[in-house]
Amino acid sequence: MSRINDVGGMAGFPAIAEEPDEPPFHADWEAHVFALNGALIKRGVYNLDEFRDAIERMPPEEYLAASYYERWFTAITTLLAEKGVALPHELEVPRG
Amino acid sequence: MSADHTSSVISARVRHVEALLESRGLLDEGEIDGRIDEFLAGGTPANGARITARAWVDPGFRERLLADANAAIREVGLSMAGGLQEQRLKVVANTADEHNVVVCTLCSCYPIALLGPSPGWYKSEAYRSRVVRDPRGVLREFGLELPERTRISVWDASAESRYMVVPRRPEGTEGLSEEQLAALVTRKGLIGTAAV
């Protein structure tokens, strides 16, 4: 069964929007997420295929609602928990 | 919830995870900033433009480029090995009869080592879903109207394979230097959503 990321040929998406003078990242955190992923792959915490898979197995409604780098961050935290690097609650900002 | 609020929430989470990883020895201090700087100083569409201009003026190079792009781009001091792993590069050239356009339907695969960060529209579901179904219509939205007789090939990038388009050399550019020719080439031209 194909996953939600497999959108080739699918109908129903909005028009293509071009952004003039688009910066590489739209917020500092996006650049950090990008760099964080590269650092973790280089250290062998997980590999590129595992990262891609972690994005592609996001629940479809979450995948579609998330921005590009939000998907990346979701995949990173999913893998950190699954690889036993941190417990899921440790990956959340402590309340209060 | 506003976009700003979402952004500040995720921003705090990213900082938190970074600090956690630093405390567990999985991230060195300054490593993230170093990686960001390195990335931003890396590939730009000027690289693809340089390759294109060389292919326009040197038929031998063009032939080698279309046959084995990974090897040929080393002749101009470029490489696909700059990322996490060396990726296979296939370069396809537009002609009077055929136009090429690149997409990654599954995610966002793109020759970053060569062209730098990809534009947002390239990563959008809108582009990924539609360009394979209606390339002519999508190109028209980008302002590129192709004659009916022009065949359009859509290349779907994957984890291991990247693509780049060599646009057609514009008419009336015979007198231009290689450098001047390179200045005509745009990122969209190298993806295939513009003529040059």
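As a basis for the values below, the full set of heavy atoms in this structure was taken, side chains included, without hydrogen atoms, waters or symmetry mates. A quick note: this is a predicted structure, and the numbers were derived from the prediction, not measured. In the text below, chain A, chain B and the rest are named by the order of the sequence lines, each starting its count at 1.
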Original post:
Is chain B contacted by the side chain of V45(A), its backbone, both, or neither, given a heavy-atom distance below 4.5 Å?
Top reply: side chain
**OP:** Name the member of A17(A), P24(A), G9(A) that forms the most heavy-atom pairs with chain B at distances under 4.5 Å.
**Re:** G9(A)
Original post:
Centroid-to-centroid, W29(A) to F73(A), below 6.0 Å?
Top reply: no
Original post:
Based on non-hydrogen pairs under 4.5 Å, which of A39(A), A31(A), S67(A), G12(A) is most in contact with chain B?
Top reply: A39(A)
**OP:** Considering only NZ, NE, NH1 and NH2 on the basic side and carboxylate oxygens on the acidic side, decide whether R54(B) and E75(B) come within less than 4.0 Å.
**Re:** no
Subject >> Main-chain N/O of W121(B) paired to S124(B) side chain as donor or acceptor, under 3.5 Å >> reply: yes
Subject >> Side chain / backbone / both / neither for E125(B) at chain A, heavy atoms under 4.5 Å >> reply: both
**OP:** Decide yes or no for R128(B) and Y122(B): does some side-chain heavy atom of the first lie under 4.5 Å from some side-chain heavy atom of the second?
**Re:** no
**OP:** Check whether T77(A) gets within reach of chain B through its side chain, its backbone, both or neither, counting any heavy atom under 4.5 Å.
**Re:** side chain
**OP:** Quick one: which of M10(A), R43(A), E22(A) has the most heavy-atom pairs under 4.5 Å with chain B, could you say?
**Re:** R43(A)
Original post:
Considering only heavy atoms, which portion of V14(B) lies under 4.5 Å from any heavy atom of chain A: side chain, backbone, both, or neither?
Top reply: both
Original post:
Given the options L106(B), V132(B), L40(B), which has more heavy-atom pairs under 4.5 Å with chain A than any of the others?
Top reply: L106(B)
Subject >> Heavy-atom pair count under 4.5 Å with chain A, highest-scoring of D33(B), D134(B), D28(B) >> reply: D28(B)
**OP:** Given salt bridge (charged side-chain N to carboxylate O under 4.0 Å, His left out), test E160(B) with R88(B) step by step and report yes or no.
**Re:** CA-CA 6 Å; E160(B) 290 83 23; R88(B) 180 176 161 271; over 6 Å; no
Original post:
Once the angle between the rings of F39(B) and F34(A) is folded into 0 to 90°, is it parallel (under 30°), tilted (30 to 60°) or perpendicular (over 60°)?
Top reply: tilted
Subject >> Residue L20(B) versus chain A: region with a heavy atom under 4.5 Å >> reply: side chain
**OP:** Measure distances from E30(A) to the heavy atoms of chain B and classify the residue's part below 4.5 Å as side chain, backbone, both or neither.
**Re:** neither
Original post:
Between E82(A) and R57(A), does at least one N-O distance fall below 4.0 Å, as a salt bridge requires?
Top reply: yes
**OP:** Among the options R13(B), E18(B), R133(B), E141(B), pick out the one with the most heavy-atom pairs lying under 4.5 Å from chain A.
**Re:** R13(B)
Original post:
Top residue by heavy-atom pair count (under 4.5 Å) with chain A, among R130(B), R15(B), R24(B)?
Top reply: R24(B)
Original post:
Is there a donor-acceptor contact under 3.5 Å from the side chain of N94(B) to the main chain of H99(B)?
Top reply: no
**OP:** Sort I76(A) into side chain, backbone, both or neither according to what part of it lies under 4.5 angstrom from a heavy atom of chain B.
**Re:** neither
**OP:** Examine whether an atom of I55(A) lies under 4.5 Å from a heavy atom of chain B, and if so say whether it belongs to the side chain, the backbone or both; otherwise answer neither.
**Re:** neither
**OP:** Could you tell me whether R3(A) and D6(A) have a side-chain N and a carboxylate O separated by less than 4.0 Å?
**Re:** no
**OP:** Any chance you could measure S158(B), atom OG, to R52(A), atom CZ, to the nearest 0.5 Å?
**Re:** 8.0 Å
